[in-house]
Chemist: 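Structure provided below as structure tokens; questions to follow.
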Amino acid sequence: MFEDARQFKEAFVDKLQTMQGVALEQATNLDKYMALGGVIRDYIYKNWVETNNHYRKKESKQVYYFSLEFLLGRQLRSNLLNANLSVVEEALQELNIDLSKVEEMEPDAGLGNGGLGRLAACFLDSLASLQLPGHGCGIRYKYGHFEQKIVNGYQVELPDNWLKEGNVWEVRRGDKAVMVKFGGQVRLEEIDGKLVPIHENYDPVLAVPYDTPVVGFKNNTINTLRLWNAESGIKEFDFPSFNHGDYMKAVQYKYETEAISQVLYPDDSHQEGQVLRLKQEYFLVSAGVQSILRSYKKGNKSIRELPEQVVIHLNDTHPVLAIPELMRILMDEEGFGWDEAWEITQNTMSYTNHTTLAEALEKWPVDIFKELLPRIYMIVEEINKRFCRELWERYPGQWDRIAQMAIIADGFVKMAHLAIVGSYSVNGVARIHTEILKKQEMKNFYKYYPQKFNNKTNGITHRRWLLQANPKLADLITNSIGTSWIKHPEDLKELRFYAQDASFKEELQKIKRENKEQLAQLIQEQNQVQVEVDSIFDVQIKRLHAYKRQLLNALHILHLYNKLREAPQMEFVPRTFIFGAKAAPSYYHAKWVIKLINSIADKVNNDKSIQGKLKVVFLENYRVSLAEKIIPAADVSEQISTASKEASGTGNMKLMMNGAITIGTLDGANIEILEQVGSENIFTFGLTEQQVIEYYAHGGYNSWEIYHQDEQVRAILDQLVNGFLGDGSKEFKTIYNYLLHNNDEYFVLKDFASYANAQQELERAYRDQNRWREMSAINIANSGGFSSDRTISEYATGIWKVEPLEILGRSR
Ligand SMILES: *Cc1c(COP(=O)(O)O)cnc(C)c1O
């Protein structure tokens, strides 16, 4: 389509006129972004048609990745890269247009909270890039993850109106809408000697799909992300109560209906238990399953063959109602009996567990569930009854075990239990996490269904997180080992020979420094803080959560500050601590930690006596596009969760791939990173998972003891409450109480000394720059196995049984 830059320029200028109604000379950056998106979209759409035709013709097995979250970030540059439109940058240069300015006009698609949502986005990229027929299914939230502002050190939340200028990538498919039913009553009526459920007086909600193309890397495959929008569809449906011209009621109804896809719940690893959330979950799965079956039935295969043709993958328990929903459709609409419907359903669903944190495990009160989803509740009740009967046969008389495993118990529907019972595969997201599931959290389920459990260690797309985010490093790699790593990231291994190569290391150092200069400039613009480019850039970027222990990092900064104040001339490598983190709006502890970090920053950054050796920066509104700017500039990656708590982590992988050295606990995928790089190329510290679990089970930790024994810890904790940090004393008192009076449930003080020690070692290592660069190179060289291409190939062969399919492109 674009033979050369000239052709592209013509198409672009034409698009500016036809789409935005402006000439190039008058076009704003927003106009340019919209038109550029438009041209690229037109180009991509052609292969999209081609891909879909091919999937239809071949009747190949399709994967549908169901997720309440897709944290896509920006799509312009990633689409440019994957669609192989290298002429575009050249053409824009000729037009005197700065692509990086235009790019800033695109709002992040922030339809997710953190790791779980970003994983879904990386998976879509890998599915398409591996030519696998796999699609996303989610909700088109009108407001994505809130925008965070920091005001006087406190987090303030603003709505993220990401669709306000329209969305160039998506297409609305109004004619593919389906209806989802809430509330009402279900009665059983005998029809032809069969009991048939009749659902009455329900509230209908119209689910309208918006499709976004997912572009494979230079391979013509364009898969689909289908996001559902909730609408009232008042014209289409005839509601009894509106027949009397009850206008106010009709408007109210429209408002309540649209609320379903209005906003993403901003909780990460925490369930709020709001009815609206349960509505969102059922809305997504009902729309998703209905549309899958509708398109499936247009083909030639029978529904009995569904498990050979379709996999529905459940990203955590959030979309787990897909299980009873498929049962409902198979029985109530397709006329299957229970046993056959159950076999089809179980063999179609696979499930990923993302956490063992108790506060994150979803359970819904039976009365709420039943009232909102009466027919689905009947089915869940029956699944539970049959499952408990099976358990009784296997474990006669073992009431405790059966009660512990039941899907409905103590007045709650337990979503993880439903997920395990209703699917054929259950996977954890890092080796240690899967082992904890098997031996602790889901021990009884593992004993009952050992064959269902498996591990799939998470990954990240190296295309976005290295090729696109760090083009200079990508070029250095290619100049050293060739291009094969781009399609086969495990080939990054070849770089290990360059870890000893002086000129390679010099280049590596130069690139890191340039990236740090860019980030320093951003910090200057956003925070008005001047940071030393030659200081260690020490980065902790992730959701704010007690188990992730930003607090440990903050307390350690205070500790360094105390040492520096005492002896400003001591040997010390200047450090810049960089944070990015959003706290759930109702998570007070997390918000106090944000305030604490900002108060420490104020104090430290303005203390002339330490001669700028220590700087602390909290960058507001952490999101994918900001991560892309921070990660290439990081020297140190903070992965310091309480052992056993971080299921995998993926931020750790992104930073490693960009040459940062990890300081971390033996938790999640840190353990697999350690195995890859060797203990000389990572700094580990702290309690092990066994020790943590042992303390939880049998006690034996008292945080006061540490306060009394460790002078340095005592000094820091006292600074929280003696006015040392200026305003915010109420917040810091609460943190003080949390650590000492509530006995520090995440072992911050317990791990403090060990952490401070590891930090000292790290500083020592950094002084030997030659050695540090070698470590950095070894980290990059061993990061290929953390590409989501590896993860997705494992899902494809181990769980989904799907195969790549070559698509011959049209738009060449
Ligand atoms: C990768 C990523 C995360 C996950 O980070 P963890 O350190 O694994 O918790 C969260 N948010 C964004 C924006 C990300 O890109």
Side-chain angles (χ1 to χ4, degrees), residues 67 69-75 78 107-125 144-148 160 162 264 266-270 315-316 354-355 357 360 429-430 432-433 457-466 468-470 538-550 552-553 578-584 590 619-632 634 636-642 645-658 660 662-665 667-673 783 786-788 791:
S67 180
E69 302 188 13
F70 287 93
L71 188 48
L72 300 172
R74 290 177 177 152
Q75 295 168 82
S78 133
D108 274 44
L111 309 184
N113 277 287
L116 175 146
R118 185 53 231 174
L119 185 76
C122 283
F123 279 8
L124 292 182
D125 185 79
H145 199 40
F146 67 82
E147 183 186 338
Q148 179 195 54
D160 164 42
W162 71 293
L264 167 78
D267 304 81
D268 186 67
S269 300
H270 184 271
N315 193 26
D316 211 330
H354 280 270
T355 177
L357 296 177
V429 291
I432 183 185
H433 168 62
T457 299
N458 281 167
I460 54 162
T461 166
H462 61 289
R463 286 169 290 276
R464 178 177 291 260
W465 295 109
L466 175 51
Q468 180 191 321
N470 200 345
D538 184 319
V539 169
Q540 188 171 20
I541 43 174
K542 48 187 72 249
R543 282 305 289 262
L544 218 140
H545 215 296
Y547 83 82
K548 292 178 181 280
R549 299 200 296 192
Q550 282 92 350
L552 176 58
N553 190 349
I578 298 164
F579 292 87
K582 287 176 182 173
L619 282 169
E620 68 184 7
N621 205 26
Y622 181 57
R623 61 200 187 284
V624 172
S625 60
L626 183 57
E628 288 168 6
K629 295 175 179 140
I630 298 173
I631 290 170
V636 174
S637 163
E638 298 272 352
Q639 306 300 336
I640 59 179
S641 54
T642 311
K645 296 294 179 184
E646 186 77 89
S648 165
T650 49
N652 46 4
M653 304 168 184
K654 298 168 198 164
L655 284 152
M656 169 203 198
M657 194 175 271
N658 282 273
T662 304
I663 179 164
T665 47
D667 199 19
N670 296 352
I671 294 173
E672 290 161 69
I673 291 177
S783 67
F786 297 105
S787 166
S788 45
T791 315

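Whatever order the structure lists ligands and atoms in, that order sets their numbers, starting from 1. Keep in mind the model is a prediction, meaning the values are calculated, not measured.
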Chemist: Checking E672 side chain against A430 main chain: does a donor-acceptor pair fall under 3.5 Å?
Modeler: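 It does not hold such a pair.
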
Chemist: Please check this pair: side chain of R543 against backbone of K582, looking for a donor-acceptor N/O pair closer than 3.5 Å.
Modeler: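 Yes, the answer is positive, given that a donor and an acceptor are paired below the 3.5 Å cut-off.
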
Chemist: Using atom types as modelled and distance alone, determine if a side-chain donor or acceptor of D667 lies under 3.5 Å from a backbone N or O of E646.
Modeler: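 Yes.
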
Chemist: Nearest 0.5 Å please: distance from the OG atom of S67 over to the CZ atom of F123.
Modeler: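 With rounding to 0.5 Å, OG (S67) is 10.5 Å from CZ (F123).
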
Chemist: Can we say R464 and D125 salt-bridge, meaning some charged N sits less than 4.0 Å from an Asp/Glu carboxylate O?
Modeler: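 No, no charged N to carboxylate O under 4.0 Å.
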
Chemist: Could you tell me whether a side-chain N or O of R623 sits under 3.5 Å from a main-chain N or O of N621, the two making a donor and an acceptor?
Modeler: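 Yes; at least one donor-acceptor contact below 3.5 Å.
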
Chemist: With a 4.0 Å heavy-atom cut-off, what residues sit around ligand 1?
Modeler: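 Protein residues near ligand 1 are G114, G115, R118, W465, I541, K542, K548, Y622, R623, V624, G649, T650, G651, K654.
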
